[in-house]
J.: 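Can you keep this structure in mind? I'll have questions shortly.
This is a predicted model, so every value here is computed, not measured. Keep in mind that the numbers below use all heavy atoms, side chains included, and drop hydrogens, waters and symmetry copies. The first residue of the sequence shown is numbered 1, and numbering continues consecutively from there.
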Amino acid sequence: MPDKSPSTLSIPAKAMLKLGLERDIDLALHLPLRYEDETRLTRVMDLRDGDTAQVEGIVRECRVDLRQRRQLIVKLDDHGAVLLLRFINFYASQQKAWAPGVRLRVRGEARHGFFGREMVHPTVKVVQEDTPLAASLTPVYPTTAGLPQAYLRKAVAAGLARAPLFEVLPPEVVPPGWPSLRESLRFLHHPSPEVSTFTLEDHSHPAWMRLKFEELVAQQVSQRQARMERAHLKAPALVGQPGGLHERLLAVLPFQLTTAQRRVTEEIAADIARPMPMHRLLQGDVGSGKTVVAALAAAVAIDAGWQCALMAPTEILAEQHLRKLVSWLEPLGITVAWLTGSLKSKAKREQLALVASGQAQLVVGTHAVIQDQVEFARLGLALIDEQHRFGVAQRLQLRRKLEDQALEPHLLMMSATPIPRTLAMTYLADLDVSTIDELPPGRTPIVTKVFSDNRREEVIERIREEAERGRQVYWVCPLIDETQESDEAADTRAGRETQRRPPLDLSNVTQTHEELSGALAGQGVGLLHGRLPAAEKAEVMARFSAGELKVLVATTVIEVGVDVPNASLMVIEHAERFGLSQLHQLRGRVGRGSVASVCVLLYSAPLSDQGKARLKAMAETTDGFEIARRDLDIRGPGEFMGSRQSGAALLRFADFGQDEDLVHQAGEAAQVMLERHPHAAQEHVRRWLGGKAEYLKA
Ligand code: ADP
Ligand code: MG
C-alpha cells in the first residue's frame, strides 16, 4: 500500500484529494468544464481580432523588451505573416528554449496591438515540422489551487484507462440508442473535433444524457433502499383513545381547525398508527398553523403511552413552543420537560431525569434534545420544527440516537419552505409529504410597502400611531456581518450553542434601538439579538408577548416561528440585504391575528435593478410557494436542502430544473433494478455514491 497520509503527498496530489479525486472511477467521472480545439492550425494571415486559435511558426526573434514594462517578446513567422507573442511573466529558460529558428505551436487569443497581430500569454509548445496535431478536443477540467491542468489531464487520462467501466445498468433499463458508460466517458473526455461543442456545453449530447441518467438512477436506488430499510423497522403503533387527550386538546383550543389542518392531522394519525416508522414532512406557509397539528400528533402519542420530543432550531422558538404547549397540555395533566444548551447544570440534571424516567411525556428544546446525555424512557414520536434549519449532520445524529431503542420513533418534520416537486422526487423520495394549503380564516392579508430610507421619519410616526392604538411593532435590522444569515440559527446548526463566537457588528441594531427609544419614549422599546444571554432573550420575548413592550427592535433571531398575534406592523431595515424566503419568513411574524397588518421594506438607495425587482416581488405576492419558486430561480436548490447540503454537491451532472423527464425515467429504472437486479443496484450505488449514500438518506 502506498502511504497516503497527507504529509507525504505532493501539492497536486493533495489538491486532487481535496477535489475528491481518489478512486479511478472518481477521476473518470471528473468531466471537462469545456474544451479547447487543438486539432487544427489557423494561418497567421487569416487570424481575426478576438479569435482564439492555434497557430504555428518559426521564431525569428526572441528578446526582453524594457521599453514600457519588462516583457519577453517573440516574433513568430508563419509563411511570411508575423505574430508577436508577449509575456509579462516568463522564465529565462523559456527565452533560451524559444531561440530563433525553433518551431513553436501556440494557442491564444489574437488581437491587433500597436505593433500588429499579437497574442498575450499564449500557451506554447516547441514542435517539429511533423509533430502531429491533437486528434480530439482538449479537455479543460475544473481544478483548484496547486493543481495544474496538465497534471490533472494526465491523472484523469490514467484514471479513465484503469477504471473498471463495465456496464452495471442492465440493458433493459437503459433507453435504446444511448452509448454505453465507457463510450460516453471516453467521448466526453476526448470528443472528436467535428462534434457540436454546443451539445457538449449544454449537456444535451447523448453521452451527457447517459451520464446524468446513471447518476439519477444511483440516487433513486439509494432513496428507495432507504425506504425499504425503513419498512423493515418497527415502530410503536400510536393510536389515540376515544375521548382521549387528542380530543380533550381539540376541545380546549380557542379555534376550529381548518379543513387542511384536519386533513393533514388525519394523514399523520393514520401513519403513526402503523408499526413502521413514519418519515413525513409537514409543509405549510408561514402562519398556516403547523404547531397545533404537531401538538395533536403528540397528544396521540402520549395517549398511547409514549414520549414525544419537539426540537426547534433556536432557543426563542423552542421557548415559544414550550409556552404554548404547556398552556394547552399542562391543564390536561401532561408533564413537559425543557432542554436547551443554556440550562444550568442542576436544572439540566433535573430535566434529564424527568426525560429518562418517563415522567415527562413531552420534551421541548433545541438541538440539546439530541445530545448524548439525553436518554428517553420511551420515545415514540419526534417532531422537528423548521427542519431545513438543521444541517444534515444533525439529522443523521437524530436518526442514530433514535436507533438506540428497540423500536424506532416516528418522525415528523415541519417546514414553511415549500419543496419544489422535482426536488421532492429526487432527494426526498424517502419522505412522505403533507401540505397545509390554506390559512386560518379571518386573517387580513398583509400589505407590503417598499420605501426608501429617507422616509424613515414617516415610518417612525406610523409606529407611534400603531402603538397608541395598542398594537405592536417589529423593527428588524440585518447583521452587518453578511456571512451570518441568522446568528442563533447558525450556532445551533453548528451544534455549539455555548462556545465563544466571533464578534458581530451589532451597531445597526443597537443604534436603531437607541433612536426608537428616544423617538417613542414611554412606549416600551425592547432589543433582541443573538448575543444576549439566553435568560435576557427569554425575558425580552416574554415582555413583548405580554404586550408590555410595544416595539421590538431585533435581528433575524425572530425569523422563524415567533408568534405574537397582536403585532401588526413590521419594518425591515436594509431589506435589500435579505433573501426573498427570509423576507417572507420575517413578514410572516405579522398578520397572525385579525387586525390588518403592514410590512414596510426600507431600502437604502441606490438599488440595483435586480434589487428593485426582488422587493417588488415581495410587494406583489404573499404566497410562500410563489416566493419560493422565484427564490429557487435566483439561488438554486442548495438553499432548500438545509444549510450546508447543496444540491450542486450531491447531483453533479443532472439538473432539477432541466432534467425532470430524466428524473422520471431514472425512477422507473431504479424500481426495475431493485426488483429484478438487486446485485446490480447495489454495485451501481457503490460506484456512484461511495460514502455519500448515507448522506442522501439523512
Ligand atoms: P406556522 O405554521 O407558521 O408554524 P403557527 O402554528 O405558529 O403557524 O400558527 C400561527 C397562528 O395561527 C398561531 O397564533 C395559531 O395559534 C393560530 N392558528 C392555528 N390554527 C388556527 C386555526 N385553525 N384558526 C385560527 N387560528 C389558528
Ligand atoms: Mg411554526
J.: Under 4.0 Å between a side-chain nitrogen and a carboxylate oxygen: does that hold for R210 and E214?
T.: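 Answer for the salt bridge query: yes.
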
J.: Under a 3.5 Å distance rule, please check whether D37 uses its side chain to pair with a backbone N or O of T39 as donor and acceptor.
T.: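 Between the backbone of T39 and the side chain of D37 there is a qualifying donor-acceptor contact (under 3.5 Å).
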
J.: Go through the steps to decide whether T512 and E573 satisfy the test side-chain hydrogen bond (donor to acceptor under 3.5 Å, both in side chains), and finish with yes or no.
T.: CA-CA 10 Å; T512 301; E573 191 171 336; 3.2 Å; yes

J.: Assess whether a salt bridge exists between R111 and D49, defined as any Lys/Arg side-chain N lying under 4.0 Å from an Asp/Glu carboxylate O.
T.: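 A salt bridge is absent here (no side-chain N lies under 4.0 Å from a carboxylate O).
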
J.: Would you call D65 and R63 a salt bridge, using N to O less than 4.0 angstrom?
T.: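 Result for this pair is yes, salt bridge flagged.
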
J.: Do NZ/NE/NH1/NH2 and the carboxylate oxygens of E38 and R40 come within less than 4.0 Å?
T.: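 Looking at R40 together with E38, the answer is no, because their closest N to O distance does not fall below 4.0 Å.
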
J.: Please determine whether a side-chain nitrogen of the Lys or Arg among E683 and R686 lies less than 4.0 Å from a carboxylate oxygen of the Asp or Glu.
T.: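 Looking at R686 together with E683, the answer is yes, because their closest N to O distance falls below 4.0 Å.
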
J.: Show me the side-chain donor-acceptor pairs of residues 84-94 shorter than 3.5 Å, one per line, residues at least two apart or across chains.
T.:
residue	atom	partner	partner atom	Å
R86	NE	E118	OE1	3.0
R86	NH1	Q71	OE1	2.8
R86	NH2	E118	OE2	3.2
Q94	OE1	Y91	N	2.9

J.: Flag yes if more than 12 heavy atoms outside R103 fall under 6.0 Å of its CZ atom; otherwise flag no.
T.: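 Counting neighbours around CZ of R103, more than 12 heavy atoms of other residues, nucleotides or ligands fall under 6.0 Å, so yes.
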
J.: Using the salt bridge (charged side-chain N to carboxylate O under 4.0 Å, His left out) rule, collect all pairs that involve residues 71-85, keeping only residues at least two apart or in two chains.
T.: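 Passing the test, one end in residues 71-85: R60-D77, E61-K75.
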
J.: Just checking, is any N or O donor in the side chain of T143 or Q149 under 3.5 Å from an acceptor N or O on the other one?
T.: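 No.
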
J.: Are the side chain of Q220 and the backbone N or O of V217 linked by a donor-acceptor pair below 3.5 Å?
T.: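 Not at all, since once roles are kept as given, no pair shorter than 3.5 Å links the two residues.
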
J.: Between the main-chain N or O of T42 and the side-chain N or O of Q54, is there a donor-acceptor pair closer than 3.5 Å?
T.: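 Side chain of Q54 to backbone of T42, a donor-acceptor pair under 3.5 Å: no, none is there.
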
J.: Can any side-chain N or O of H205 pair as donor or acceptor with the backbone N or O of A207 at less than 3.5 Å?
T.: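 Between the backbone of A207 and the side chain of H205 there is a qualifying donor-acceptor contact (under 3.5 Å).
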
J.: Going by atom types only, do H190 and Y35 share a side-chain donor-acceptor pair under 3.5 Å?
T.: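 Their side chains do not contain a donor-acceptor pair, so the 3.5 Å distance test is not met.
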
J.: Determine whether more than 12 heavy atoms belonging to other residues, nucleotides or ligands lie under 6.0 Å from atom CD1 of I11.
T.: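 Check fails, neighbour count at 12 or below.
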
J.: Look at the side chain of D51 and the backbone N and O of L47, then say whether any donor-acceptor pair between them is shorter than 3.5 Å.
T.: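 Pair absent, no side-chain N/O of D51 close to backbone of L47.
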
J.: Closest heavy-atom contact between L19 and P142?
T.: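 Smallest heavy-atom distance, with atoms named: CD1-O, 4.0 Å.
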
J.: Under the salt bridge (charged side-chain N to carboxylate O under 4.0 Å, His left out) rule, what pairs show up with a residue in residues 187-197, not counting sequence neighbours?
T.: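 Matches after skipping sequence neighbours: none remain.
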
